[in-house]
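Worksheet: one structure, shown below.
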Amino acid sequence: MGAEVSFRSALNRALGDALEADSSVFVMGEDVAYAGGSFGVTRGLLDRFGPTRIRDTPLSENAIVGAAVGAALSGLRPVVEIMFMDFVTLAMDAIVNQAAKARFMFGGQFTVPLVIRAAHGGGISAGPQHSQCLEAWFTHVPGLKVVCPGSVEDAYGLLRAAIDDPNPVIFVENKALYGRKGVAPAVWETGKLGKAKIVRPGKDVTLVTYGATVAQGEAAASQLMRGGIEVELIDLRSLQPWDETSVLESLRRTHRLAVCHEAVTAFGIGAEIVARMLELGFDEWDAPPVRIGAPFSPLPFAPNLEKQFLPSTEGIVEALRGLLR
Amino acid sequence: MLGLVCRRSQPTGAVRLAARARNLLPALWAADKGSTAKTLYATPWYNKEPNVALYAPWSDVEHRIFRVLSFVKANVSARQPDATVLQELYSDMELIRQVELRLSTMFAGNQIPGFIHSSIGQEAVAVGVIRAMQSSDTLVSTHRGHGHCVSRGLGLEKLFQEILGREAGVCKGRGGSMHIADASLGMLGANGIVGAGVPIALGSALAQKTRKSKAVAVAFFGDGALGEGVIYECMNLASLWDLPLLFVCEHNGWSEFTPSSKEYCGDLISIAAGFHIPGNVVDGSDVWAVNLAAKSALDAVRSGGRPQLLVCMAQRIRGHFEGDPQRYRDRSDIERAQARDPITRALEELHALGVPTDTTDAIRARSKEAVQTAAEAAQLAPEPAICDLVGAVYFEGAV
């Protein structure tokens, strides 16, 4: 077993290793160079790789992501940091109309090896415009891949895989995870996009989740275990494409399915997962599906309201108990 | 500041000229860092004999925003076109014209799906600029981009087949008129989103610089794009990062169905100057002038590793799209545009330079024939096979 490392330092290592491995990789974003990133993910990279490859940008999200598309079409592999995922709204044209479509609409002449890292998630009283989980938007756009790691190992492995991928990838990092520590793997390895991971096997109910709510799911599963309920916990890791096979296999074992995410429930990732499982495995269900997520409201500022808004371990426990009742 | 004051007080005659000259100062400063403001004041351009080669004789109120002219510094002798070169430029323009005319007829005959935007009247900009580029340079085009494709050397069959939605189109019929790209020509795409190509060109310029290549990027955009904030984000970045990028504003006076002067009150040259980007305005119906100005600008971009702006005052002879009845447009405006037809102008100049009418007639006939062949072939060409659309979205092979 290796030493404990933070999620942040795993991401930092992934960026450093990718920059070492391929001279066409470069990083740009607001405050990523001298300041080392708002959340410290790019700390130290400027000293190692210099200002051409670690580039501070002005607050011009549309131009930055648009330029990243142009650089990717011209053979580089840009990794752009969008400081708060909420700011991605300012770059939607570049992401949705340009990056996502270039390969298809130009008849396959180009690849767009572009990664957009974006920090989502609440819990720090950042308020309605600095906390949103908007990943579902991007899963709806053909041409984009969407990834959201929930562990230290995946932070490294999936970021390396995203940078290696020849398609545009939205790489979502939950702010609550940056300081979270995990055991470093013996060998840091590049992961594979599109594969879920069974974090914890169980026979009574399947809980599908990703990102920061994986830890909450684990805590909930431990609590339920004490009452004799076995939860099969699946970390989706990759949201587009997502691992239908693993989820369906789990549903076949447990016949009960809940999906949990920090994003608003309505029209979310959970809705798609449930719909697909109904299409593919209609006969497997012993109970109605359950979706656990945020209410249909903006994220509120006041700490107590924010707590009410976000999914909690207790909320997950309660929902899963309801499913087994 | 000065500009605002002057506009409010509506000065006339010499006062207005002087005000214009002052308005121009930042642009000139940016264009020529060696000169001081004092020197420029001492020899205002309007007191000089025309020691500058190119100008846009623009007086339409619609285009008052660009009446603050700046000039390409070239000597008088350069104004005299070289017959051989002008003939080549004309030949390229004529080919674009024939393509557009053919497309127009085909569209009217319901032979083209969707909609197309004709570049008739703007051929001199595409040809003048693209002929000044090198093969390793990259460019982004606009929704009105057929001319850019033809000038850059995109084969007519590939072009027609794309616009008709055929399998052998340059983008396999998946893009159509507004989304044509050709990786082999450094064409990073026409764009259905106004202004959106500019940051892509910026990124391409960043890639050129990162790779220490001598190639540069060219961003075409129209005056309709001037309302898009991303243009100014890109000006800031191109200058801040010293990127080899030429901004080319194809100013046709229209932003879709509304005169751009009713939608925009900025002076682009001054705005660019504010970002320390030297800018020039050139008569976009004069292909020789555009070519000269583009060469000069591209030389500056290449040698200086810094952005430049070229505003080409052109005219849209057709509507926003083919089939546009143009009820919003005064007949006189169309006539004025037609009177500034870049092809008529080039022909007159060629004939004045002693090129026989037979020669130019032959060029036109050749273009027409090439276009006809390509168009007819495209009409007979197979549609794309019904295929796995989803499988074409992502690239999953090794790069």
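Order of the sequence lines fixes the chain letters, A, B, ..., with proteins taken first and strands second; residue numbering starts at 1 for each chain.
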Please classify the contact of [X] with chain B as side chain, backbone, both or neither, using a heavy-atom distance under 4.5 Å.
{"X": "Asn62(A)", "value": "both"}
{"X": "Ser24(A)", "value": "neither"}
{"X": "Gln98(A)", "value": "side chain"}
{"X": "Phe106(A)", "value": "both"}
{"X": "Arg53(A)", "value": "neither"}

Is it possible for you to check whether Arg55(A) lies under 6.0 Å from the centre of the six-membered ring of Phe26(A), through NZ or CZ, and within 45° of that ring's axis?
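No.
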
Return the orientation label for the Tyr210(A) and His261(A) ring planes: parallel under 30°, perpendicular over 60°, tilted otherwise.
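Correct class here is tilted.
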
Anything under 30° is parallel, anything over 60° is perpendicular, the rest tilted; go ahead and classify Phe87(A) against His130(A).
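Correct class here is perpendicular.
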
Look only at the side chain of Glu135(A) and the backbone of Ala263(A), and say whether a donor-acceptor pair between them is shorter than 3.5 Å.
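Such a contact is absent between Glu135(A) side chain and Ala263(A) backbone.
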
Are Arg237(A) and Asp243(A) close enough for a salt bridge, meaning some N to O gap below 4.0 Å?
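Salt bridge between Arg237(A) and Asp243(A), a charged N being under 4.0 Å from a carboxylate O: no.
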
Salt bridge present between Lys145(A) and Glu396(B) (N-O < 4.0 angstrom)
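A salt bridge is present here (some side-chain N lies under 4.0 Å from a carboxylate O).
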
Top residue by heavy-atom pair count (under 4.5 Å) with chain A, among [options]?
{"options": "Gly186(B), Ala181(B), Gly169(B)", "value": "Ala181(B)"}
{"options": "Lys172(B), Glu233(B), Lys209(B), Glu162(B)", "value": "Glu233(B)"}
{"options": "Asn236(B), Leu202(B), Asn191(B), Val198(B)", "value": "Asn191(B)"}

Using ring centroids (six-membered ring only for Trp), state whether Phe138(A) and Phe171(A) fall under 6.0 Å.
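Centroid distance Phe171(A)-Phe138(A): not below 6.0 Å, so no.
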
Less than 4.5 Å to any heavy atom of chain A: does that hold for the side chain of [X], its backbone, both, or neither?
{"X": "Leu237(B)", "value": "side chain"}
{"X": "Met235(B)", "value": "neither"}
{"X": "Ala201(B)", "value": "neither"}
{"X": "Ile231(B)", "value": "neither"}
{"X": "Ala219(B)", "value": "neither"}

Of all the heavy-atom pairs spanning Ser246(A) and Ile234(A), show the shortest one and how long it is.
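Smallest interatomic distance, heavy atoms only, reads O-CD1, 4.0 Å.
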
Distance-only polar pair, side chains of Ser239(B) and Arg306(B), donor-acceptor under 3.5 Å:
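A pair is found: one side chain offers a donor N or O, the other an acceptor, under 3.5 Å apart.
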
Going by side chain to side chain contact (heavy atoms under 4.5 Å, CB included), Ser177(B) matches just one of His146(B), His143(B), Glu322(B), Arg144(B). Which one?
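Exactly one pass, corresponding to His146(B).
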
Which one wins on heavy-atom pair count under 4.5 Å against chain B: Pro142(A), Pro113(A), Gly107(A)?
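When all of Pro142(A), Pro113(A), Gly107(A) are compared, Gly107(A) has the most.
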
Winner by heavy-atom pair count (cut-off under 4.5 Å) against chain B, out of Leu76(A), Asn97(A), Thr52(A)
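Result: the option with the highest number of such pairs is Leu76(A).
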
